[in-house]
Peer 1: 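Dumping the structure here so I can ask a few things about it.
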Amino acid sequence: MPDDQHTPATHDIGGLPRFHCTPVEHDEAPPDAFGKKVDALRQVLAQKKLMTVDELRRGIESIPEGEYFALGYYERWLRSIAGLMVEKGLVAKDVLE
Amino acid sequence: MAAPPRPESLALLDRLMEALKAKGIVSDAEIAERQANTDKASPETGARMVARAWTDPAYRALLLSDGTAAAEAMGVSMAGAPPLGVLENTRTRHHLVVCTLCSCYPRAVLGYPPSWYKSFAYRSRAVREPRAVLAEWGLSLPDSVEVRVVDSTADYRWMVLPMRPVGTEGWDAARLAAIVTRDALLGVAVPKVG
Amino acid sequence: MSDAPRFAPGATVRVKDDWPERRGPCHIRTPHYIRGRRGTIVRPLGVFANPEDLAFARPAPKRNLYHVLFEQEPIWDEGKPGDTVMVEVFEHWLEEA
């Protein structure tokens, strides 16, 4: 077990006690229209070699803890993709605000 | 239930799409085409692979040694997809697939991951208390079976080859595929007859 | 650097007890709960570009990846003896044990 000094990164949640008593909701719903569009956008940008899945993950992992757990799955993806597009100079930051 | 996206997220997606389209980086048609392709993948593919492995020893050997080639042998295009690995359940070993770090999932042969696979509870608990998670799915394994959790952390994507249930002797591949659920391909369930 | 895997199936290894997330921005695929733990090489999985570099769009040398098997119970101080967890781990995270 990690001690206090070795707090895992936000996304590194294997075995975390905070979810110990949370039942796994058997939610079978496919992604909604928003999720599917974000998913497709990521694939198209990856195909065009404008981002990698590893960069996507790095962007997700840099979301502050409170938001990481509050945002939906594809909302985290979108946050990461938007950040990467700004970082790479493909989109101006103020356009997204 | 997964919460719907917030209004600010919908707005951010619109603004990002508009900015990317204005620069000629992506088009609506490309996004729609990619989405249509992604929508085509489903657990039926994985189920057909398992049913064939149950009825064809040579295919079974291929499936376990090279999942990517086995998927392609079923007509799945694996170009650009991560390599697929397949893990065999036996009388003494049961595999359970999770991704604790994000949500790595064998999408080429199973389609979109279900919400629960991406949930914090599943990602966190499957690796620490797999038997409790399986019990919530109604699956109780004897102590003589090793539960082997597979944390999908890197470049491979993992699928389970479940055991063929008794009572399916003489069934053809189509009938067998119908009892192989997505959950069984991840190890949270086992195929059942009837 | 040779692509030949350094560890053979059956070899006992130890995962480095390293916490780069405490030193600054990074992207790593070695979950917290196996750091410093002993495991057994199940099999080499081939070579893959290092995600720690890919995540920052840096040149990414290929590294050997392994399936490494760990006993569940010593990690969490709970669970059924004999149950295991199998994790993909890159060679640069492993040392002889």
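Hydrogens, waters and symmetry mates are skipped; everything else that's a heavy atom, side chains included, is used. Within every chain, numbering begins at 1; the chains are lettered A, B, ... in the order of the sequence lines, protein sequences first and strands thereafter. Treat the numbers as computed from the prediction; the structure is a model and nothing was measured.
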Peer 1: Under the criterion side chain to side chain contact (heavy atoms under 4.5 Å, CB included), I'd like the reasoning laid out for Ser152(B) against Met86(C): C-alpha separation, chi angles, the key distance, then a yes or no.
Peer 2: CA-CA 9 Å; Ser152(B) 190; Met86(C) 190 159 68; over 6 Å; no
Peer 1: Among Val127(B), Val145(B), Val150(B), single out the residue with the greatest number of heavy-atom pairs under 4.5 Å to chain C.
Peer 2: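 Winner by heavy-atom pair count: Val127(B).
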Peer 1: Looking only at heavy atoms, what is the nearest atom pair of Pro130(B) and Gln72(C), with distance?
Peer 2: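 Smallest heavy-atom distance, with atoms named: CG-NE2, 4.2 Å.
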Peer 1: Tell me if a side-chain donor or acceptor on Thr153(B) pairs with a main-chain N or O of Val87(C) at a distance below 3.5 Å.
Peer 2: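 No.
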Peer 1: Should the pair Arg148(B)-Asp83(C) be classified as a salt bridge under the 4.0 Å nitrogen-to-oxygen rule?
Peer 2: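 Answer for the salt bridge query: no.
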Peer 1: For Ile34(C), is it the side chain, the backbone, both or neither that has a heavy atom under 4.5 Å from a heavy atom of chain B?
Peer 2: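 Nothing of Ile34(C), per the 4.5 Å heavy-atom cut-off to chain B.
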Peer 1: Less than 4.5 Å to any heavy atom of chain C: does that hold for the side chain of Leu96(B), its backbone, both, or neither?
Peer 2: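 Neither part.
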Peer 1: Report which part of Val98(B) has an atom under 4.5 Å of a heavy atom belonging to chain C: side chain, backbone, both, or neither.
Peer 2: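 Val98(B) has no heavy atom closer than 4.5 Å to chain C.
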Peer 1: In terms of heavy-atom proximity below 4.5 Å to chain B, should Phe70(C) be classed as side chain, backbone, both, or neither?
Peer 2: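 Contact with chain B is absent: no heavy atom of Phe70(C) under 4.5 Å.
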Peer 1: Do the charged groups of Arg128(B) and Glu78(C) touch, with an N to O distance under 4.0 Å?
Peer 2: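 Salt bridge present between Arg128(B) and Glu78(C).
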Peer 1: Side chains of Lys80(C) and Asp143(B), heavy atoms from C-beta outward: is any pair under 4.5 Å?
Peer 2: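 Contact flag for Lys80(C)/Asp143(B) side chains = yes.
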Peer 1: Is there side-chain contact between His67(C) and Trp158(B), with heavy atoms separated by less than 4.5 Å?
Peer 2: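 In short, these two side chains touch, coming nearer than 4.5 Å.
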Peer 1: Does any N or O in the side chain of Glu88(C) come within less than 3.5 Å of the main-chain N or O of Tyr156(B), such that one atom is a donor and the other an acceptor?
Peer 2: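 The answer is yes, because a donor-acceptor pair under 3.5 Å joins these two groups.
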Peer 1: Taking it one step at a time, do Thr84(C) and Arg93(B) satisfy side chain to side chain contact (heavy atoms under 4.5 Å, CB included)?
Peer 2: CA-CA 10 Å; Thr84(C) 55; Arg93(B) 181 176 299 154; over 6 Å; no
Peer 1: Please state whether the side chain, the backbone, both or neither of Ile28(C) comes within less than 4.5 Å of a heavy atom of chain B.
Peer 2: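 Contact with chain B involves the backbone of Ile28(C) alone.
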Peer 1: How close do Asp155(B) and Leu65(C) get, heavy atom to heavy atom, and via which atoms?
Peer 2: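 The answer is N-CD2, 4.0 Å.
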